[in-house]
Every structure is written in C-alpha cells, then in structure tokens.
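Values reported hereafter were calculated over all heavy atoms of this structure, with side chains retained and with hydrogens, waters and symmetry mates removed. Per chain, numbering begins at 1; letters A, B, ... match sequence-line order.
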Protein chains: 2
Amino acid sequence: MSATTSPTPTKLQLMELLAAIGTAQWRDFAAAAAHHGLTSTQAKVLAQLNGPLPMRALATLLVCDASNVTGIIDRLEARSLVRREPDPSDRRVKNVVATDEGRDVIRRVREEMQATSGALDTLDADESATLHELLARLRPGMEKSA
Amino acid sequence: MSATTSPTPTKLQLMELLAAIGTAQWRDFAAAAAHHGLTSTQAKVLAQLNGPLPMRALATLLVCDASNVTGIIDRLEARSLVRREPDPSDRRVKNVVATDEGRDVIRRVREEMQATSGALDTLDADESATLHELLARLRPGMEKSA
DNA sequence: TTGTTTACTTGACCACCTCAAGCATCAAGG
DNA sequence: CCTTGATGCTTGAGGTGGTCAAGTAAACAA
C-alpha cells in the first residue's frame with residue numbers, strides 16, 4: 001500500500017461515488033446535446049449509429065420496446081440527422097443510418113463534454129491506466145444480469 | 001509502473017468506459033426500483049430523503065424545474081411512501097418526509113442492486129481504495145460547470 | 001403600506017416509455 | 001403451392017418525466 005492510500009471504503013461509498021460520477025457525466029452529455037437542440041435520448045441513439053442498424057437492433061441496444069424506437073427515429077429523421085433505408089436482404093427491416101449532418105452533430109456533442117473531459121485531464125498517464133484497468137474489470141460483471 | 005499496467009488509454013476510451021459503467025449501474029438501479037413498483041426517478045427522489053426536505057431543495061438536487069417535483073411527490077404521496085408537512089417557520093414551504101414504508105422500500109432497492117454489488121465484490125481492499133481515491137479526485141471537476 | 005421576491009401549484013405541451021393490436025414479410029412443413 | 005408461425009415495424013392508448021407561463025400565498029424590505 002502506498003503512503004497516500006486511504007482506508008478501505010465501504011461498498012456503499014463506492015456505489016454512491018460511482019452514481020455521482022455517472023450522473024455528472026450524464027448531465028454533461030445532456031447539456032452538450034441540448035446545445036445542439038437534441039434530447040439526451042436522441043444524442044444517445046445518434047452515438048450508436050456508426051453503421052447502418054436495424055430498428056430492432058437499436059431497441060436491443062437501448063434495452064427498450066421497439067415501438068419506442070419508432071418515435072425517436074421519427075423525430076431524428078424529421079431533422080435530417082438520420083435516414084431509414086430498406087434492407088436489401090429482408091424487406092421487413094429498416095436500417096437506420098446517420099446522415100452527414102447527424103455524424104457531424106454527434107461528433108460536436110462529444111467534443112463539448114468539457115466537464116468530463118476536463119476532469120479526466122487531471123489524471124496523469126499512470127493514473128489513467130490504473131483507472132481504465134479497474135473499470136474494465138468492473139464492466140463485465142455489471143452488464144450481466146438484467 | 002507495475003508489470004500489469006496497460007498502455008495509456010485515450011481520453012475517449014475512458015469516457016466510453018465511464019459511460020458504460022454509469023449506464024449499467026443505472027439499469028441495475030432502475031430494475032431494482034421497478035421490482036418494487038417504482039420508476040427510477042421516484043426511487044432517486046426517495047433516496048435523497050434522509051431528512052425533511054423542502055420541495056425547492058429537491059428541485060435543486062434533481063436539477064429540474066420545481067413544477068416537475070410537484071408531480072413526482074404527488075405520485076409518491078399517493079402511495080404513502082412520502083408525506084408533505086408544513087414548515088413551522090415558513091408557511092410557504094412544504095417539507096417532504098419519507099414515511100416508514102418509504103424508507104423501507106428504498107432500503108430494499110439499495111440492497112437489491114446485485115449486479116453493481118457483485119461487480120464491486122471482485123475488487124480487493126487495495127483496489128477498492130485506489131478506485132475510490134481516483135474517482136473522488138474526478139468528482140469535483142465533473143460536477144462544476146453545468 | 002406598497003412593492004418585490006420566494007415557494008408551490010396548475011395547465012398546456014412535448015419527449016419518452018410500455019403494452020396491445022395490426023400489417024407485412026420471411027421461413028418451414030404439408 | 002399454401003398455411004402456420006415467427007419476426008420487424010408501426011399505430012394508438014395511457015402513464016411518467018420534463019419545460020415554460022401564469023397564478024396564489026406568504027415572507028420581506030422600504
């Protein structure tokens with residue numbers, strides 16, 4: 001143990017700290033999205049669209065009902081941030097694709113998360129690596145049970 | 001640098017990892033809340049009520065409009081999880097207090113966050129302390145600008 | 001007293017979310 | 001072929017969460 005190590009925190013303390021940071025990052029994201037006239041949900045969807053994605057896949061990613069996605073994509077499409085394209089191999093599915101404008105907007109939203117970005121700048125390379133390592137170990141266990 | 005330290009992650013990688021973990025914990029929380037018939041917002045409000053809290057203070061904590069809180073408390077009060085009490089020193093303010101049942105429910109919700117809890121169990125005392133230390137340093141910077 | 005600020009509620013309006021129902025398409029078996 | 005059953009998406013109803021504008025009541029200050 002290094003000289004600066006704190007006493008072992010309780011699990012509850014860690015959970016609260018994680019929650020606080022998660023909330024702060026989410027607010028940072030929502031604020032950046034709002035700055036471009038997007039709700040956080042719309043921005044989140046846009047962030048998933050690296051390639052064409054069927055509506056169903058989107059619903060699975062968002063862990064929500066498929067009918068919900070219809071409305072969200074409707075509103076994004078009305079702003080030309082996204083397009084619905086017919087799937088060539090299955091006429092039931094519609095692939096959602098981000099337009100150039102959509103890609104541009106979500107790129108800017110990411111760049112404008114200054115609170116999160118600034119906070120991470122206070123870590124040096126070593127600390128970043130350590131944090132990344134610990135969080136990467138936490139991730140799989142947290143994503144399991146739904 | 002210890003022998004197991006990974007190459008320095010990019011800031012983008014860290015942001016995505018933080019977002020993934022934040023989302024996972026939020027879903028865990030929402031699922032536990034739903035198990036008791038609560039929405040995540042209702043559970044979040046209940047979690048803040050350690051003591052009597054004026055409506056206005058709640059709105060500030062939640063970073064939302066005061067009129068929004070009215071509806072949330074209405075629904076919680078309809079289930080007897082919360083009570084509105086007149087403030088003795090200022091007749092304008094209504095203090096929100098969790099009922100015994102409300103305290104009980106939120107206690108159970110916290111206990112049932114098994115995905116998060118289980119994931120944290122995989123860290124030993126040293127790792128927990130390190131994680132806590134790093135996150136605690138991140139927190140103030142992330143909560144600043146709104 | 002008069003005027004200003006503060007706390008809360010109401011009503012209108014939109015986004016998000018779920019469920020149930022419906023339509024079109026695919027895929028398998030007679 | 002054609003029926004039967006899944007699957008993908010949309011629609012409509014209904015509730016929650018969120019904002020804004022306006023209104024009421026109480027506190028406060030000149």
Side-chain angles (χ1 to χ4, degrees), chain A residues 23 26-27 29-31 33-49 52-79 81-97 109 146, chain B residues 23 26-27 29-31 33-49 52-79 81-97 109 146:
Chain A
T23 303
W26 179 254
R27 287 215 253 263
F29 180 67
H35 201 261
H36 292 274
L38 294 178
T39 64
S40 13
T41 303
Q42 289 166 350
K44 188 170 184 171
V45 166
L46 218 40
Q48 306 281 345
L49 291 179
L53 221 51
M55 302 286 286
R56 192 72 201 60
L58 223 34
T60 301
L61 280 174
L62 300 180
V63 195
C64 74
D65 193 272
S67 67
N68 190 16
V69 179
T70 298
I72 296 170
I73 298 300
D74 280 350
R75 288 179 285 269
L76 282 173
E77 200 170 27
R79 295 197 196 182
L81 299 175
V82 126
R83 234 181 4 250
R84 272 183 250 237
E85 293 183 346
D87 186 296
S89 72
D90 187 339
R91 279 183 299 174
R92 289 173 302 178
V93 353
K94 296 179 185 171
N95 289 304
V96 184
V97 198
V109 168
Chain B
T23 303
W26 180 254
R27 287 216 252 263
F29 179 67
H35 201 262
H36 292 274
L38 293 178
T39 65
S40 13
T41 302
Q42 288 166 350
K44 188 169 183 171
V45 167
L46 219 39
Q48 306 281 344
L49 291 179
L53 221 52
M55 303 286 286
R56 191 72 201 62
L58 264 175
T60 301
L61 280 174
L62 301 181
V63 194
C64 74
D65 194 273
S67 67
N68 190 17
V69 179
T70 299
I72 297 170
I73 298 300
D74 280 351
R75 289 180 283 271
L76 282 173
E77 200 170 26
R79 295 197 195 180
L81 299 175
V82 125
R83 235 184 2 252
R84 272 183 249 236
E85 294 184 345
D87 186 298
S89 72
D90 186 339
R91 279 182 299 174
R92 288 173 303 178
V93 352
K94 296 179 186 172
N95 289 304
V96 184
V97 199
V109 168

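Distances were taken from every side-chain heavy atom of Ser67(B) (C-beta onward) to each of dC8(C), dT19(D), dT10(D); the shortest belongs to dT19(D). Taking every side-chain heavy atom of Thr39(B) into account, dG17(D) is the closest of dG17(D), dC19(C), dG11(C). Out of dT18(C), dT10(D), dT10(C), the shortest distance to the side chain of Thr70(B) is found at dT10(C).
Of all the residues in residues 81-89 of chain B, Arg84(B) reach under 4.0 Å from DNA chain C with at least one non-hydrogen atom.
When all heavy atoms are compared, the tightest approach of Ala33(A) to Thr39(A) is CB-O, 4.1 Å.
Spacing between atom CD of Gln42(A) and atom C1' of dC14(C) amounts to 11 Å, rounded to whole angstrom units. Counting to the nearest Å, the P atom of dG18(D) and the CZ atom of Arg27(A) are 10 Å from each other. Rounded to whole Å, the distance from NZ on Lys44(A) to P on dC16(C) is 12 Å. In this structure, Met55(B) places its CE atom 16 Å from C1' of dA26(D), rounding to the nearest Å. Atom NZ of Lys94(A) and atom P of dA24(C) are 12 Å apart (whole Å). Per the geometry, CG belonging to Asn68(A) stands 14 Å off C1' belonging to dG14(D), to the nearest Å. If you take CZ of Arg79(A) and P of dC14(C), they are 13 Å apart, rounded to a whole angstrom. In this structure, the CG atom of Asp65(A) is 12 Å from the P atom of dC9(D), given to the nearest Å.
The closest donor-acceptor contact from the side chain of Glu77(B) to the backbone of Arg84(B) lies under 3.5 Å. With hydrogens and angles ignored, the 3.5 Å screen pairs a side-chain donor or acceptor of Arg79(B) with a backbone N or O of Gly37(B). For the pair Arg92(A) (side chain) and Asp87(A) (backbone), a donor-acceptor distance under 3.5 Å is absent.
Note on Asp90(B): only backbone sugar-phosphate atoms sit closer than 4.0 angstrom, heavy atoms only; bases stay farther off.
With Val82(B) as the partner, the side chain to side chain contact (heavy atoms under 4.5 Å, CB included) test is satisfied by one option alone out of Ile72(B), Val97(B), Leu49(B), Asp74(B): Leu49(B).
Mapping Arg56(B) and Arg75(A) onto DNA chain C via the closest heavy atom, the residue that lands nearer the 5' end is Arg56(B).
Judged by distance alone, the side chains of Arg56(B) and Thr60(B) do bring a donor and an acceptor atom under 3.5 Å apart.
Put simply, Arg92(B) has no side-chain N or O that comes within less than 4.0 Å of OP1 or OP2 on dT24(D). Side-chain N/O atoms of Arg91(A) include one lying less than 4.0 angstrom from OP1 or OP2 on dC26(C).
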Give the intermediate values and the outcome of side chain to side chain contact (heavy atoms under 4.5 Å, CB included) for residues Gln48(A) and Leu58(A).
-> CA-CA 8 Å; Gln48(A) 306 281 345; Leu58(A) 223 34; 4.2 Å; yes

